[in-house]
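As structure tokens, the structure follows; a few thoughts come after it.
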Amino acid sequence: MSSTSKTELIAVLDVDTREEALRIVGKCGRCAWFKIGSQLFTRCGPEIVHSLRQLGKQVMLDLKFYDIPNTVAHAAKAAAALDAGLFTLHASGGRKMIRAAREAVEGSNTRILAVTILTSFNDAALREDLGLHETAAEAVPRLAQMAVEAGAHGIVCSPLEIEVVREAVGPEPLLVIPGIRPGWSSKDDQERIMTPAQAARAGANMVVVGRPILNHEDPAQAVELILEELNA
Ligand code: C5P
């Protein structure tokens, strides 16, 4: 995707109930994409994906699959059967797992996003908890490149990793970026942030935004402001 292409907005549905999720979707009419993660999916199940698809919305199913290739292939098939436009898996599941997922979604409209190193890890935790003798800065582009070679259509990464990941994977793969905070919103617990405009300029294909929309007194206005920034 070239840097002149439009950066899309994905609004996060990190809520507990179907009613709350649909209320937000109703208010965010101008937003085409919504992210359903483990919180909402575990509460509401596949029905919530069906409901959004029936409303004409696109779904990023963020369940971060990580299992043996056969199991992930079946989960990928299930995501494709739900007509999720995107779903996530952990790059650290390895080439075989990612290849199996890719084969499972062939012929569908479902694309695979790989998560490299969770931003909650620092270098000490990578070493002490996982025995990984690489820094996150080294591991992220390496895992991104491997994931794309194995068949991932894109990568989820922090805004500050856009440049190194793009260099590692080339121009085609989608870069989907959380950790986005417009100038007018609170940082919450996000540290390594960019504004929507900065992320778009840095080469994000899609930005993932949660609390600045969810906690805004007028979510529709928050969506408008973010889309304006992305399209400026
Ligand atoms: O509310 P906020 O905009 O921080 O939400 C961001 C979403 O992106 C959350 O669903 C969070 O789990 C997810 N995420 C993140 N940082 C990552 C990967 C995913 O914030 N590195």
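Residue indices begin at 1 and follow the sequence shown. In each ligand, atom 1 is the first atom listed, and ligand 1 is the first ligand listed.
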Would you give me the side-chain donor-acceptor pairs under 3.5 Å for residues 111-129, sequence neighbours excluded?
| from | atom 1 | to | atom 2 | distance (Å) |
| --- | --- | --- | --- | --- |
| Asn122 | OD1 | Ala124 | N | 3.2 |
| Asn122 | OD1 | Ala125 | N | 2.8 |
| Asp123 | OD1 | Ala136 | N | 2.8 |

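- Salt bridge status for Glu191 with Lys187: present, with a side-chain N to carboxylate O gap under 4.0 Å.
- Ion pairing between a basic and an acidic side chain is recognised when a charged N comes within 4.0 Å of a carboxylate O; Arg99 and Glu103 show no such pairing.
- For residues 223-232, every residue pair satisfying the side chain to side chain donor-acceptor pair (under 3.5 Å) rule, not counting sequence neighbours, is listed here: Arg30-Glu224.
- Classified by interplanar angle (parallel below 30°, tilted 30° to 60°, perpendicular above 60°), the ring pair Tyr66/His90 is perpendicular.
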Report all N/O contacts between ligand 1 and the protein shorter than 3.5 Å as a table of atom names and distances to 0.1 Å; if there are none, say 'none'.
| from | atom 1 | to | atom 2 | distance (Å) |
| --- | --- | --- | --- | --- |
| ligand 1 | 1 (O) | Arg211 | N | 2.7 |
| ligand 1 | 1 (O) | Arg211 | NE | 2.7 |
| ligand 1 | 3 (O) | Arg181 | NH1 | 3.0 |
| ligand 1 | 3 (O) | Gly210 | N | 2.8 |
| ligand 1 | 4 (O) | Arg181 | NH2 | 2.8 |
| ligand 1 | 4 (O) | Gln190 | NE2 | 2.8 |
| ligand 1 | 4 (O) | Arg211 | NH2 | 2.7 |
| ligand 1 | 10 (O) | Asp14 | OD2 | 2.8 |
| ligand 1 | 10 (O) | Lys35 | NZ | 2.9 |
| ligand 1 | 20 (O) | Gln190 | NE2 | 2.8 |
| ligand 1 | 21 (N) | Thr119 | OG1 | 2.7 |

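- For residues 206-221, the side chain to side chain donor-acceptor pair (under 3.5 Å) pairs, not counting sequence neighbours, are Asp189-Arg211.
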